[in-house]
Amino acid sequence: MAISRRFVVKKDAHEETITYMEYEKLKGFNVKPKDSFEMDDMINVNEMIIINPGLIEKLVFKKCKRRLEKIILMLSVVYEDESTDDGNIEMVLDEMEKFKTMLRKKYKEYLKKEEYKLYLKKIEILESEARIRLNEKRKEVQEERGRRGR
């Protein structure tokens with residue numbers, strides 16, 4: 001079994017040497033690659049820890065923005081389709097809940113306080129709108145059942 005070693009590779013701009021450091025002691029933001037692309041003459045990366053605060057802030061901001069746009073797109077698709085059932089709206093609500101949990105547990109320490117509060121507020125607004133739509137759908141279904149039963 002191969003021994004797993006973890007290092008930070010840092011190239012010093014003044015010297016032409018590469019310094020190896022144990023990165024378990026460093027605090028940073030963990031990033032894993034999406035696809036496992038492996039080549040023989042390449043270093044394969046399973047996980048990367050970013051320790052530059054400016055880069056972390058930009059990366060987290062981009063990830064949150066992308067996730068929020070995905071949720072908005074899901075909501076717009078659900079709203080445009082009149083034949084959607086409760087399951088689709090509940091799926092979007094679950095996605096919003098996952099994002100809120102991720103904001104609180106993973107991204108809170110890396111986002112600015114104003115940005116964090118803004119993301120939570122946006123999600124809460126979208127969530128309340130989705131719940132209103134879900135309640136309307138359920139009322140329509142109950143009314144339809146009431147008409148059929150008469």
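Just so it is clear, the structure is predicted and the values come from calculations on it, not from any experiment.
In terms of heavy-atom proximity, Ile50 sits nearest to Ile56 at O-CD1, 3.1 Å. Contact record, Lys106 with Glu109: O-CG, 4.3 Å, taken as the closest heavy-atom pair.
Distance check: Met96 CE to Met74 CE gives 8.0 Å after rounding to the nearest 0.5 Å. Put simply, NZ on Lys65 and NZ on Lys122 are 9.0 Å apart, with the number rounded to the nearest 0.5 Å. Atom-to-atom distance recorded for Glu127:CD and Leu120:CG is 10.5 Å, nearest 0.5 angstrom. How far CD of Glu124 is from OH of Tyr119: 15.0 Å, rounded to the nearest 0.5 Å. Distance check, rounded to the nearest 0.5 Å: CG of Asn88 to CG of Leu75 gives 11.0 Å. The CZ atom of Phe99 sits 8.0 Å away from atom OH of Tyr107, with the distance rounded to the nearest 0.5 Å.
In this structure, Val60 is not a member of the same hydrophobic cluster as Leu118, with clusters built from ILVMFWY side-chain heavy atoms closer than 4.5 Å. When hydrophobic clusters are built by joining Ile, Leu, Val, Met, Phe, Trp and Tyr residues whose side-chain heavy atoms come closer than 4.5 Å, directly or via intermediates, Met102 is grouped together with Leu68. In the hydrophobic clustering of ILVMFWY residues, with side-chain heavy atoms under 4.5 Å counting as a link, Leu73 and Ile89 come out apart.
Ion pair Arg67/Glu95 flagged as a salt bridge, since at least one NZ, NE, NH1 or NH2 atom sits closer than 4.0 Å to an Asp/Glu carboxylate oxygen. We find that Arg131 and Glu97 are not joined by a salt bridge, their nearest charged nitrogen and carboxylate oxygen being 4.0 Å or further apart.
Within the 4.5 Å cutoff, no side-chain heavy atoms of Phe61 are placed close to those of Lys112. Glu129 places a side-chain heavy atom less than 4.5 Å from the side chain of Tyr79. The shortest side-chain heavy-atom distance between Ile123 and Ile71 falls under the 4.5 Å cut-off.
Counting only distance, with no hydrogens or angles, the side chain of Tyr110 and the backbone of Gly28 share a donor-acceptor pair below 3.5 Å.
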